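Just so we're clear, the structure is a prediction, and the values are computed from it rather than from any experiment. FYI, the numbering just counts along the sequence from 1.
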Amino acid sequence: CGVQRAPLLRRARPEAGGTALYSVWTPPPPQALPLLPTLEPLPVWNPTDWGAALPAVAPLPVAPLPVLAHELAVPVAEPTSKPAPSTTSEAATQAPAPVPGPRRGSFMVIGDWGYDAGLHGNVDGTTCQKTIAQRMLEKFEELGDVRFIINVGDSFYPQGLSGKDDPQWDTKWRNVYHEKLRSVPWYSVYGNHDYHHDPCACSGDPNDCAQVNWDVEDLTRFYMPGYNWYRAHEDMDLEVVALDLNKFMEGWNMSAKAHELKFNDCQWTKCPGACYGNADARADQAFDLFRERFERSKARNLLVFSHYPTDYFSSVPAFLNNLSNNSQHDIIFFGGHRHNVDNTTTWKTPPNRNWVVGGGGGWSCDGPSQGFLVGTVGADYWVDTYPMLVDYDLCCPPPPTTPAPTPEPTSMSEESSGTPPLF
């Protein structure tokens, strides 16, 4: 399999009301960008080297960060005002108090949910995934205005789909999530497991991908018009930006530089060499798309997601700094891969926010919080996010305890000789 670079196609689709939205993106021609002051102690990212790994894991400063001079740099404007966030803790499992006035809409986020009976971690059968799906349905009906569901990947454990008509669409998605939940688009990206048997790993043509679907009105599958893509919701003053960053699968290793990282699960595909090249190219395209939308989008809110949480990107500190930059947008980042739902184990991006949302019940429990995330867009366009969790023991019950064996009676010779009994 030869390495092919994905064609970058652009396709306009009219939304209701006649607004044309670009689902698949073409990068702009290179432009000279002004150099901006560096932020100490973080190093300036050299784009020819993909940057050095950060010397240590530490939260970024709370103050808004300027963007470093690097490949992803964007002009920094004066910070815009925004309403104070809800006083309700985002760690709560109940919704925050709504802001006055009509809500603009809502959405859900889930990841790592495609349970397979033949190969899985410590998740106990389908109970966890189905319990979360039922809770999603209840919340969907309660909200009444869910516009879309963000899916951060690993949708089909353990090795993805083999084609667009793979029966796993039924067994792991359509037969698990109620038709009401599938009445809105599922905005999706590939997770590492999704690539194993998918033709997408070896091909540079997105039309060969089992999960790619260009038609947002086709609700029989996910909406994924390419590897990296965006979609605007002007009535909620937000854009959704989807990034394929599987190159950073080994990003948990914070001593590795970005150019040393590779998509390790390519070893399970039919074409490891082509897969590595495709993953590198798609990561390049992802960063280009993020830069382009940061610069050009007029939306107040950017909902950015990939399969990996922010702590997997320490080798590209400039990307983390841009996720922290609220000079032009309020950015909320969603990732999965780690099987928990929280905003405490990730690399912080203040004053913006990010979550890991990988506790969908498909593989294992990497923490106590299994479930999904809810986002609501208030009358003032402020986005609140909060988790909805299920009983942990329904997902990963403790292993059964076995009584200790009863010791055999000691022999008279042992007792008479004073020798300690041997059990």
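F313 and F248 have their aromatic ring centers within a separation under 6.0 angstrom. With ring centers used as reference points, Y308 lies 6.0 Å or more from W252.
In the model, H307 has no side-chain atom that pairs as donor or acceptor with a side-chain atom of N246 under 3.5 Å. No hydrogens or angles considered: a donor-acceptor pair under 3.5 Å links the side chains of N354 and T349. Of the N and O atoms on the side chains of S203 and D205, not one donor lies less than 3.5 Å from an acceptor on the other residue.
Per the SG-SG cut-off, C266 and C275 are bridged by a disulfide [distance under 2.5 Å]. SG atoms of C200 and C209 are separated by less than 2.5 angstrom, consistent with a disulfide link. The SG atoms of C395 and C365 sit 2.5 Å or more apart.
Under the 6.0 Å distance and 45° angle rule, R353 counts as a cation-pi partner of W382. A cation-pi arrangement is not found for R300 relative to Y381, the charged atom failing to lie both closer than 6.0 Å to the ring centre and inside a 45° cone about the ring normal.
The aromatic rings of Y157 and H339 lie perpendicular to each other, with more than 60° between the two planes, well past the 30° mark. Ring geometry for H233 against Y187 counts as tilted: the plane angle lies between 30° and 60°, on a 0 to 90° scale. Aromatic ring pairs are classed by plane angle as parallel below 30°, tilted from 30° to 60° and perpendicular above 60°; the pair W363 and H193 is tilted.
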